[in-house]
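No hydrogens, no waters, no symmetry mates; every other heavy atom, side chains included, goes into these values.
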There are 2 protein chains.
Amino acid sequence: MRADAQRSYDRILAVAGDVFVEQGTNASMNEIAKRAGVGAGTLYRHFPDREHLLDVLLKDWVAQIQAAVDQTLAAGLPPRELLITWFEAVVRHISVHRGGAARLTAALGNTASMVDKWQGLATANQSVLRHLEARGAIRGGADTIQICRLVGGVAAVADAGGLLRDDTRDLLALIADGLLVAPAAALRCP
Amino acid sequence: MRADAQRSYDRILAVAGDVFVEQGTNASMNEIAKRAGVGAGTLYRHFPDREHLLDVLLKDWVAQIQAAVDQTLAAGLPPRELLITWFEAVVRHISVHRGGAARLTAALGNTASMVDKWQGLATANQSVLRHLEARGAIRGGADTIQICRLVGGVAAVADAGGLLRDDTRDLLALIADGLLVAPAAALRCP
DNA sequence: ACCTGAACACCGTTCAAGT
DNA sequence: ACCTGAACACCGTTCAAGT
């Protein structure tokens, strides 16, 4: 890639990130080009359409998730808190620009397209699950993709509905309780 | 309302329902007007913008939920199956046009706007919960709105990601297990 | 090879002119 | 009172002309 091309590419990506956070996923492409100081044609030379632009941005964000999972595991929390904290990290990471959560969750498990985009999320989630399984803290029957879908659904709802942090946390806690052997609320055992 | 106005109104609503199901929530307004056999101005006279059109359509669909709840309760299913069947009915009802689930779920609990749109859904869900509570089948701690949000999140994901019926059911089962006193999978009791 | 920006097709929305 | 449809502003996308 020639130096000027690289420069255009980087500027477009940086500006697009800002604009999508500000105005949502439907922001004007022409404005992105203008703000990046490039012609409209340059934008389309590097990113054939809006989808490509969003995909590249989202891939960046999802890559950061692996760092988040290590950090979460190292905190040494009890199972329920660990799970909820991890879910919150996921929601935060995939909600970086409005509409992003819905987009990523829609691609989840879709082997045909953009495998690597959600693969990172799935493996990160997997390692949290394994950690909890090793401690016998989790019931069987739910696989990683399903859990990612549920959490992604919460992220999409929180994103679209402008949910408060506490409300989002409550939803994630409900999911966590469905997965754990010993949920917070008392169980009536025979 | 004059007779010709009523006629325009009805035709627009009917055609819009079809077009939104076919092409999703972003379908062209001009095409809706053309297919309905009215001028563009007539469409905007009755529905100031796309939101109004979608709101009226969604309200219609949500109204049908009350019928669904009565039918579900009358089936006499055991708690887990009842809950899952009900959740499936909700997903089916709020997913009538692409993007509809996300839209409704975003408005959920938002007292400022469109209260009556989701109110019907919330009260219907409430009556299912009460039915299960009376049988001691449900753990405390989750209120109606939260559950509607979770189910709405699943609906949005299923809608956007083109999930199969069985995959959707699995997600709803996970939510149900989080709510029930005695989930399907074996619990290890002390 | 890469960039520019005018140009094209299309879309949401408006409004003067009609009945 | 209601409807029509040309018109306007805007947007995604393309492409001939430049360096």
Starting from the 5' end of DNA chain D, give me the residue, B/M1 or A/S28, whose nearest nucleotide shows up first. B/M1
So what does [X] touch, heavy atoms closer than 4.0 Å: a base, only the sugar-phosphate, or nothing?
X     : answer
B/D4  : sugar-phosphate
B/T42 : base
A/R45 : base
A/A5  : sugar-phosphate
A/A27 : sugar-phosphate

Hey, where on DNA chain C does chain A first and last touch, going 5' to 3'? Cut-off is any atom under 4.0 Å from a heavy atom. C/dA1 to C/dG5
Closest approach of B/R50 and B/T25, non-hydrogen atoms and distance? NE-O, 2.8 Å
Taking every non-hydrogen atom, the tightest pair across B/V69 and B/A124: CG2-O, 3.5 Å
Between A/Q6 and A/D10: side-chain donor-acceptor atoms closer than 3.5 Å: yes
How far apart are the C-alpha atoms of A/T42 and A/H46, what are their side-chain angles, what is the distance that settles it, and do they pass the side-chain contact (heavy atoms from CB on, under 4.5 Å) test? CA-CA 7 Å; A/T42 305; A/H46 292 294; 4.0 Å; yes
Just by modelled atom types, is the A/H52 backbone N or O under 3.5 Å from a matching donor or acceptor in the A/D49 side chain? yes
Polar side-chain atom of A/R80 near backbone of A/D177 as donor-acceptor pair, under 3.5 Å: no
Looking at B/R103, I'd like to know if its CZ atom is crowded, meaning that more than 12 non-hydrogen atoms belonging to other residues, nucleotides or ligands lie closer than 6.0 Å. yes
Straight-line distance of B/D170 CG to A/D143 CG, nearest 0.5 Å: 8.0 Å
Using Watson-Crick and G-U wobble pairs with both distances under 3.5 Å, what is the 5'-to-3' dot-bracket string of DNA chain C, with [ ] for crossing pairs and | for pairs outside the strand? ||.|||||...|||||.||
